[in-house]
There are 2 protein chains.
Amino acid sequence: MALPETRSEQLARALEDDICAGRALPGMRLDEQVLAQRFGTSRTPVREALKMLAAQGFVEIRPRQGAVVVGLDVRQVLELFEIMAVLEGLCARLAARRMTPAERADLLAVHAECQRLAVAGDPDVYYAMNTRFHEVIYAGSHNRQLEEETRRVRNRLSPYRRNQLHQLGRVAKSVQEHDDVVRALLEGDPDRAETLMRRHIGIQGDSLSDFVSNMSTPQAAPQTPPQAALAGALGRPTMAR
Amino acid sequence: MALPETRSEQLARALEDDICAGRALPGMRLDEQVLAQRFGTSRTPVREALKMLAAQGFVEIRPRQGAVVVGLDVRQVLELFEIMAVLEGLCARLAARRMTPAERADLLAVHAECQRLAVAGDPDVYYAMNTRFHEVIYAGSHNRQLEEETRRVRNRLSPYRRNQLHQLGRVAKSVQEHDDVVRALLEGDPDRAETLMRRHIGIQGDSLSDFVSNMSTPQAAPQTPPQAALAGALGRPTMAR
DNA sequence: AGTGAACTCCATGCATGCAAGAAGCGCCAT
DNA sequence: ATGGCGCTTCTTGCATGCATGGAGTTCACT
């Protein structure tokens, strides 16, 4: 069943990918014509793709003013981390009860790989495997809706997480937290698995918040329009509450 | 700031509303031309609206085959309830710590109104106030992202929840559960508030699951193209907004 | 009669055209 | 020089046109 993908879907995926991978920075203007030319189509599928991304919160479309990559301020990022924590926590809870033996084996394998890469020391390589680790747990929840939802929030946060692991010692701590989670999962302890996972994600939020309040602005580097980006990029340490 | 709303956004909201209110049933075909005529526009904004709804999971667009209102099977509904439980639980947890005095007063007022309507006995009227009750707690979380996310999941579930409260005694139990939640919230006990709210939502899932396993299937035929029953439901000119 | 295939028709996907609104710019006045 | 104002231009939002592919129908064949 060769499901034929429409141009607009392809574009939506490509653009989402650009945003998640940090190739399209927050605040960057997404010009319909430019994109249309770049992808060799007309503006119509581009517009439809942008509408889809807007509906998912990746871009913002201001009427008559075009689309820009959504720039989250610190507060919004922390808000998303709060959501992320409970969603991943639920994944872990359900996974503790529902993972098949094969999935458990998978989890162990990926976790072992994480440990290996943690020692190896390249945060970016670890980052990729870390993603796979979490994906295994999403799948282990056997809740497809949850899986998608969690992945979506993760993707929305990804531009703001890339540098997380570059913090000194963060990789080592991360893999240790994984280890605790894995243990709870394999022992089939849903409560503990959920709690540990929530804490694991929560720590990332905290660590980000520290990071931000130390440096004023990390790397706000807008592409085409010289100033637009910074507004959204992590700027004011307006810590909520 | 009179933000000018585009046609496509209006359409998206109107259609989402139709779906949530049960005027557009799962499986129903959404014909671009018909909608365009009904709303007095061309197909373009209709298409963009459908793309947005598709991105949010309200409709499914099969290439070259048009858009249909997504029909969730029992399993998917239960999956969404699992998500809903933790999201609402988080709302309650955060609200317990963050609600302002004014918001607490609001909560009490709405809760009192719920109690009154519960005795009055009309489930549909109670349903509306019940929604407001939960909305107050969403807002009390002081987490905008969470608020939107929770509302989105709630909306996706709404076609499947409308009849929930018609179950015998469900309204009374619901309001009792609310009462417990309110107490925890006002006492500022985040853990208890979260736990109670999770249970409150979880019960709805269970109750639905009972309901479904008793009766064969609620209403529409989901996956297999159920033909154009649409003319009837969407035929009302009351759709415009 | 049942099955299968080709044909027709039509909805969708995409391209293009056009009008309205916003951003940028230059001119004038203070 | 600076601030305000009108104009130009460009982009977006929407309408329309056209080609593709699917679904239903009809007809031939077994």
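Proteins come first, then strands; the chains are lettered A, B, ... in the order of their sequence lines, and each starts at number 1.
Remark: A:R43 engages A:E32 in a salt bridge (Lys or Arg N to Asp or Glu O under 4.0 Å) (not counting sequence neighbours). Listed by chain and residue number, B:D191, B:E194 satisfy the side-chain hydrogen bond (donor to acceptor under 3.5 Å, both in side chains) test with B:R93 (two or more places apart in sequence, or in another chain). Judged as a salt bridge (Lys or Arg N to Asp or Glu O under 4.0 Å), and not counting sequence neighbours, B:E148 has no contacts. For B:F133, the ring pair (Phe, Tyr, Trp, His ring centres under 6.0 Å) partners two or more places apart in sequence, or in a different chain, are B:H111, B:H178. Remark: A:H142 pairs with no residue by the ring pair (Phe, Tyr, Trp, His ring centres under 6.0 Å) rule, at least two apart or across chains. With sequence neighbours left out, the salt bridge (Lys or Arg N to Asp or Glu O under 4.0 Å) criterion links B:R154 to B:E88. By the side-chain hydrogen bond (donor to acceptor under 3.5 Å, both in side chains) test, A:R170 is found to be paired with A:E177, residues two or more places apart in sequence or in another chain being considered.
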Report, one line per pair, each donor and acceptor closer than 3.5 Å where one atom sits in a side chain of residues 50-67 of chain A; sequence neighbours left out.
residue: A:K51; atom: NZ; partner: B:S8; partner atom: OG; Å: 3.1
residue: A:Q56; atom: NE2; partner: B:A55; partner atom: O; Å: 3.2

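Using a 4.0 Å cutoff on non-hydrogen atoms, no part of residues 49-56 of chain A comes near DNA chain D. Only A:T41, A:S42, A:R43, A:T44, A:P45, listed by number, bring a heavy atom of residues 30-45 of chain A to less than 4.0 angstrom from any atom of DNA chain C.
In this structure, A:Q65 places its CD atom 7 Å from P of C:dA22, rounding to the nearest Å.
No hydrogens or angles considered: a donor-acceptor pair under 3.5 Å links the side chains of B:R161 and B:Q204.
The rotation axes computed at either terminus of the helix from C:dA1-D:dT30 to C:dT30-D:dA1 lie 10° apart, taking five pairs at each end and rounding to 10 degrees.
Of all nucleotides in DNA chain D having an atom under 4.0 Å from a heavy atom of chain A, the first and last in 5' to 3' order are D:dT11 to D:dG13.
Under a 4.0 Å N-O distance rule, the pair B:E5/B:R13 qualifies as a salt bridge. Taking the charged nitrogens against the carboxylate oxygens, B:E48 and A:R47 do have a contact shorter than 4.0 Å, which makes a salt bridge. For the pair B:R151 and B:E135, the salt-bridge criterion is met [side-chain N within less than 4.0 Å of a carboxylate O].
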